[in-house]
K.L.:
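What follows is a single structure, and I will ask about it in a moment.
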Amino acid sequence: MREEILKIFPEINEIKNAELRDKTVNSWVAAMKKSTLSLDDLRTMPFTLLVSDVNVTFVEHVRTVTKMCIACWDVLKAAYGDRCTVDRDVMISGAMLADVGKVLEFTKKDGQFVKSEHGKLLRHPFSGVGIAWEQGLPESVMHVIAMHSKEAAGGKRTPEGIVLHHADFI
């Protein structure tokens, strides 16, 4: 399953720290083992159930948001050099895992993607942090996952969390 996840989400390979990269992949593996969805479902399911006419798949969304984060980091690094305080690896891992909890939040019923019983109780940022915790990801990555969505309104975000939050809502 690891190889397939890396095919679906090749941006994980942008994480330079091997241990962080492995834990990021392991988080996806763990989430998929708990999910009722298949890897093929990830390629076709919508990235959100909150908008009915969305035409962006889950995989497209995760990859696009991650690419936007990397592009933002490139601009910040070029502009500020060593004064750029955004940790690129933490940002990428957080971007790749921000929506990992959606594989527990969503399920398929009668061929349609719907909110799962789990998802009715816990939105994806909470599940995502739990998955990351189980896989031993650093608190800095868990913070990015936790703070990327509306549940974090009014909370203080790290620089990595700020970049992801804005890229996610673009």
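Along the sequence shown, residues are numbered consecutively beginning with 1. Hydrogens, waters and symmetry mates play no part in the numbers below; they use all other heavy atoms, side chains included.
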K.L.:
Which is it for L164 and E160 under the side-chain contact (heavy atoms from CB on, under 4.5 Å) test, yes or no, and what are the steps along the way?
P.N.:
CA-CA 6 Å; L164 172 64; E160 299 80 15; over 6 Å; no

K.L.:
Verify side-chain contact (heavy atoms from CB on, under 4.5 Å) between V163 and V144, making sure each step is shown before the conclusion.
P.N.:
CA-CA 9 Å; V163 172; V144 173; over 6 Å; no

K.L.:
Establish whether I131 and L39 are linked, either directly or via other cluster members, by ILVMFWY side-chain heavy-atom contacts under 4.5 Å.
P.N.:
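Yes, I131 and L39 fall within the same hydrophobic cluster.
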
K.L.:
Roughly how far, to the nearest 0.5 Å, is CD of E11 from CE of M96?
P.N.:
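Spacing of CE (M96) from CD (E11) equals 6.0 Å.
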
K.L.:
Check side-chain contact (heavy atoms from CB on, under 4.5 Å) between L121 and all other residues, then give those that pass, not counting sequence neighbours.
P.N.:
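With sequence neighbours excluded, L121 shows a side-chain contact (heavy atoms from CB on, under 4.5 Å) to no residue whatsoever.
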
K.L.:
What residue pairs, at least two apart or across chains, pass side-chain hydrogen bond (donor to acceptor under 3.5 Å, both in side chains) with a residue in residues 134-147?
P.N.:
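Qualifying pairs, neighbours excluded: K34-E134.
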
K.L.:
Which donor-acceptor pairs under 3.5 Å do side chains of residues 69-81 form with protein atoms, sequence neighbours excluded?
P.N.:
residue: W73; atom: NE1; partner: V86; partner atom: O; Å: 3.0
residue: K77; atom: NZ; partner: G81; partner atom: O; Å: 3.4

K.L.:
Return the minimal non-hydrogen interatomic distance between G128 and I145, and the atom names on each side.
P.N.:
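Closest approach of G128 to I145: C-CG2, 3.9 Å.
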
K.L.:
Can you tell if the side chain of L137 reaches within under 4.5 Å of the side chain of S93, non-hydrogen atoms only?
P.N.:
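L137 vs S93: side chains touch.
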
K.L.:
Any side-chain to backbone donor/acceptor pair from S116 onto E105? Under 3.5 Å, distance only.
P.N.:
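At least one qualifying donor-acceptor pair exists.
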
K.L.:
I'd like to know if K120 and E117 make a salt bridge, using a cut-off of under 4.0 Å between side-chain N and carboxylate O.
P.N.:
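Result for this pair is yes, salt bridge flagged.
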
K.L.:
Heavy-atom distance under 4.5 Å between the side chains of M45 and L37, does that happen here?
P.N.:
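They are in side-chain contact.
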
K.L.:
If every non-hydrogen atom of A132 is compared with every non-hydrogen atom of M142, which pair is closest and at what distance?
P.N.:
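Distance-wise, the nearest heavy atoms are CB-CG, 3.8 Å.
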
K.L.:
By salt bridge (Lys or Arg N to Asp or Glu O under 4.0 Å), which residues pair with E3, not counting sequence neighbours?
P.N.:
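With sequence neighbours excluded, E3 shows a salt bridge (Lys or Arg N to Asp or Glu O under 4.0 Å) to no residue whatsoever.
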
K.L.:
Is any side-chain heavy atom of I162 closer than 4.5 Å to a side-chain heavy atom of H166?
P.N.:
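I162 reaches H166 side chain to side chain.
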
K.L.:
Using 0.5 Å steps for rounding, measure from the CZ atom of R63 to the CZ atom of F9.
P.N.:
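It is 8.5 Å, given to the nearest 0.5 Å.
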
K.L.:
Walk me through it: do L42 and M32 pass the test side-chain contact (heavy atoms from CB on, under 4.5 Å)?
P.N.:
CA-CA 10 Å; L42 302 186; M32 291 309 297; 3.9 Å; yes

K.L.:
Would V114 end up clustered with V56 when hydrophobic side chains under 4.5 Å apart are linked, directly or stepwise?
P.N.:
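The answer is no; the residues belong to distinct hydrophobic clusters.
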
K.L.:
With sequence neighbours left out, what residues match N17 under side-chain contact (heavy atoms from CB on, under 4.5 Å)?
P.N.:
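Expected list: E19, L20, D89.
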
K.L.:
Quick check against the 3.5 Å criterion: does K23 have a side-chain atom that pairs as donor or acceptor with the backbone of G136?
P.N.:
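Yes, because the side chain of K23 sits within donor-acceptor range (under 3.5 Å) of the backbone of G136.
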
K.L.:
Would you please name every residue forming a salt bridge (Lys or Arg N to Asp or Glu O under 4.0 Å) with R43, sequence neighbours left out?
P.N.:
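R43 satisfies salt bridge (Lys or Arg N to Asp or Glu O under 4.0 Å) with E4, D40 only.
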
K.L.:
Using a 4.5 Å cut-off on heavy atoms from C-beta on, say whether the side chain of R88 contacts that of I92.
P.N.:
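The answer is yes; the side chains approach within 4.5 Å.
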
K.L.:
Give the ring-plane orientation class for H61 versus F47, where under 30° counts as parallel, over 60° as perpendicular and anything between as tilted.
P.N.:
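Aromatic pair H61/F47 classed parallel.
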
K.L.:
For the backbone of N13 and the side chain of R21, can you confirm whether one donor and one acceptor N or O come within less than 3.5 Å of each other?
P.N.:
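Side chain of R21 to backbone of N13: no pair is present.
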
K.L.:
Are M147 and M68 in one and the same hydrophobic cluster, where Ile, Leu, Val, Met, Phe, Trp and Tyr link if side-chain heavy atoms are under 4.5 Å apart?
P.N.:
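Result: no, two separate clusters.
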
K.L.:
First locate atom CG of L6, then atom CE of M1, and finally report the distance between them rounded to the nearest 0.5 Å.
P.N.:
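The distance works out to 12.5 Å.
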
K.L.:
Could you go through F58 and T48, starting from their C-alpha distance and side-chain angles, then the distance that decides it, and tell me whether this counts as side-chain contact (heavy atoms from CB on, under 4.5 Å)?
P.N.:
CA-CA 8 Å; F58 178 76; T48 184; over 6 Å; no

K.L.:
Do F113 and V103 belong to the same hydrophobic cluster, where Ile, Leu, Val, Met, Phe, Trp and Tyr are linked whenever their side-chain heavy atoms lie under 4.5 Å apart, directly or via other members?
P.N.:
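Yes, because F113 and V103 connect within a single hydrophobic cluster, where side-chain heavy atoms sit under 4.5 Å apart.
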
K.L.:
Look up atom OG1 in T44 and atom NZ in K108, then write down how far apart they are to the nearest 0.5 Å.
P.N.:
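So the OG1 of T44 and the NZ of K108 are separated by 5.0 Å.
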
K.L.:
Give a yes or no on whether the backbone of D22 and the side-chain of N26 come within a donor-acceptor separation of less than 3.5 Å.
P.N.:
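Here the side-chain-to-backbone pair exists.
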
K.L.:
To the nearest 0.5 Å, what is the distance between CG on L97 and OG on S27?
P.N.:
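Atom-to-atom, L97:CG and S27:OG are 5.0 Å apart.
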
K.L.:
What is the distance from atom CZ of R2 to atom NZ of K7, rounded to the nearest 0.5 Å?
P.N.:
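NZ of K7 is found 14.0 Å from CZ of R2.
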
K.L.:
Going hydrophobic residue to hydrophobic residue with side-chain gaps under 4.5 angstrom, can you get from F169 over to L49?
P.N.:
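No, F169 and L49 fall in different hydrophobic clusters.
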
